[in-house]
Number of protein chains: 2
Amino acid sequence: MGLAKSEMFTDKQNLISSYAKVFGHPARVAILEHLFAINSCICGDLVDVIGLAQPTISQHLKELKNIGLIKGNVEGTSVCYCIHKENWTAMKATINEFLNQDINCNTDCC
Amino acid sequence: MGLAKSEMFTDKQNLISSYAKVFGHPARVAILEHLFAINSCICGDLVDVIGLAQPTISQHLKELKNIGLIKGNVEGTSVCYCIHKENWTAMKATINEFLNQDINCNTDCC
DNA sequence: TTTATTTATCGTAATATTGCAATATTATAA
DNA sequence: TTATAATATTGCAATATTACGATAAATAAA
């Protein structure tokens, strides 16, 4: 079969996994790192930097845009992409809440 | 075609995306949250808690174990699973380094 | 040993993801 | 208008993921 219904899980669980899924491909991690590194917005040279074909990069950018982590600004024939600061911060809060759960396992099994 | 070769990306990018991929399914998020919540190790009642079939849960547990975030201890006929504290902490450091990149976009495009 | 219990594995179907060639779209320049 | 340039979309093939029934493996209890 396919995927479990999202109704099986809480909104927060679905949100966390949605963010994580976006980070779950090295190309998207590389795109985001590059967007951070150049300290400025970028458009098409991601194709050269990452080493994937233009439609593939465009598709990854679309997913990043869909979840709100980047935004694109049309500038002439090109599009300038950059991190969506507010949404990135919000995402960080959600993920950190999950990652920072207390570890209190005090049984003998572990 | 298939996936991009992992050699296209840095070890760190591949590591980040590997962790993220594991978190990229709500069932695994739910399993981990439950392991944290019960403050103790657990084995088979995850099937009841999550609501997926036993082979499916076993498969998700295997992925969590493979990447090192949980460990399982055989106790009689059941297996007691729990968070692997050291590895969880190490994973957190890796992910946080990625999430906490500075946002310094000072151009007009965003 | 036989039986019951728990978990893991196998096999397979359904679905999702990834990558790219071809093409369309959009905007600028000539 | 006609090129040119940059990006997006479409269509499709290859692969990966997910889910579960059936079954195997391991252990404990009778």
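Chain naming here is simple, since letters A, B, ... match the order of the sequence lines and numbering starts at 1 in each.
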* Take nucleotides 21-30 of chain C nucleotide by nucleotide from the 5' end and write B, S or -, depending on whether a protein heavy atom sits under 4.0 Å from the base, only from the sugar-phosphate, or from neither. => BB----BS--

In whole angstrom, what separates [X]'s [atom1] from [N]'s [atom2]?
X     : N      : atom1 : atom2 : result
B/E63 : D/dT17 : CD    : P     : 7 Å
A/I70 : D/dT7  : CD1   : C1'   : 13 Å
B/H60 : D/dT17 : NE2   : P     : 12 Å
A/N14 : D/dT18 : CG    : P     : 14 Å
B/I50 : C/dT7  : CD1   : P     : 14 Å
B/L64 : C/dT7  : CG    : P     : 16 Å
B/N73 : D/dT27 : CG    : P     : 13 Å
B/L61 : C/dT6  : CG    : P     : 16 Å

* **Test side-chain contact (heavy atoms from CB on, under 4.5 Å) applied to A/Y19 and A/F98, step by step** => CA-CA 12 Å; A/Y19 282 134; A/F98 171 70; over 6 Å; no

Does [X] put a side-chain nitrogen or oxygen below 4.0 Å from OP1 or OP2 of [N]?
X     : N      : answer
B/K21 : D/dT17 : yes
B/K62 : C/dT7  : no
B/H25 : D/dA19 : yes
A/Y81 : D/dA6  : no

* **A/F23 side chain near A/L69 side chain, heavy-atom distance below 4.5 Å** =>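 Yes; the side chains approach each other to less than 4.5 Å.
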
* Side chain of B/S78 (C-beta onward), nearest among C/dT17, D/dA19, C/dT7 ->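 For B/S78, the side-chain atoms sit closest to C/dT7.
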
* **Nearest-nucleotide pick for B/T56, side chain only, options being D/dC20, C/dT18, D/dA8** =>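 So the side chain of B/T56 is nearest to D/dC20.
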
Indicate the atoms forming the closest heavy-atom contact of [X] with [Y], along with that distance.
X     : Y     : value
A/N87 : A/G68 : ND2-O, 3.0 Å
B/V29 : A/S17 : CG2-CB, 4.2 Å
A/M91 : B/L99 : CE-CD2, 3.7 Å

* Mind checking salt bridge (Lys or Arg N to Asp or Glu O under 4.0 Å) for A/K12 and listing every partner two or more places apart, or none if nothing turns up? =>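 Per chain and number, A/K12 pairs via salt bridge (Lys or Arg N to Asp or Glu O under 4.0 Å) with A/E97.
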
* To do: Using heavy atoms to find the nearest nucleotide of DNA chain D for B/G51 and A/S58 separately, return the residue whose nucleotide is more 5′.
  =>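 The residue mapped nearer the 5' terminus is A/S58.
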
* Asked: Is there any salt bridge (Lys or Arg N to Asp or Glu O under 4.0 Å) pair reaching into residues 24-38 of chain A, and which pairs are they, with sequence neighbours excluded?
  ->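 Matches after skipping sequence neighbours: A/R28-A/E63.
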
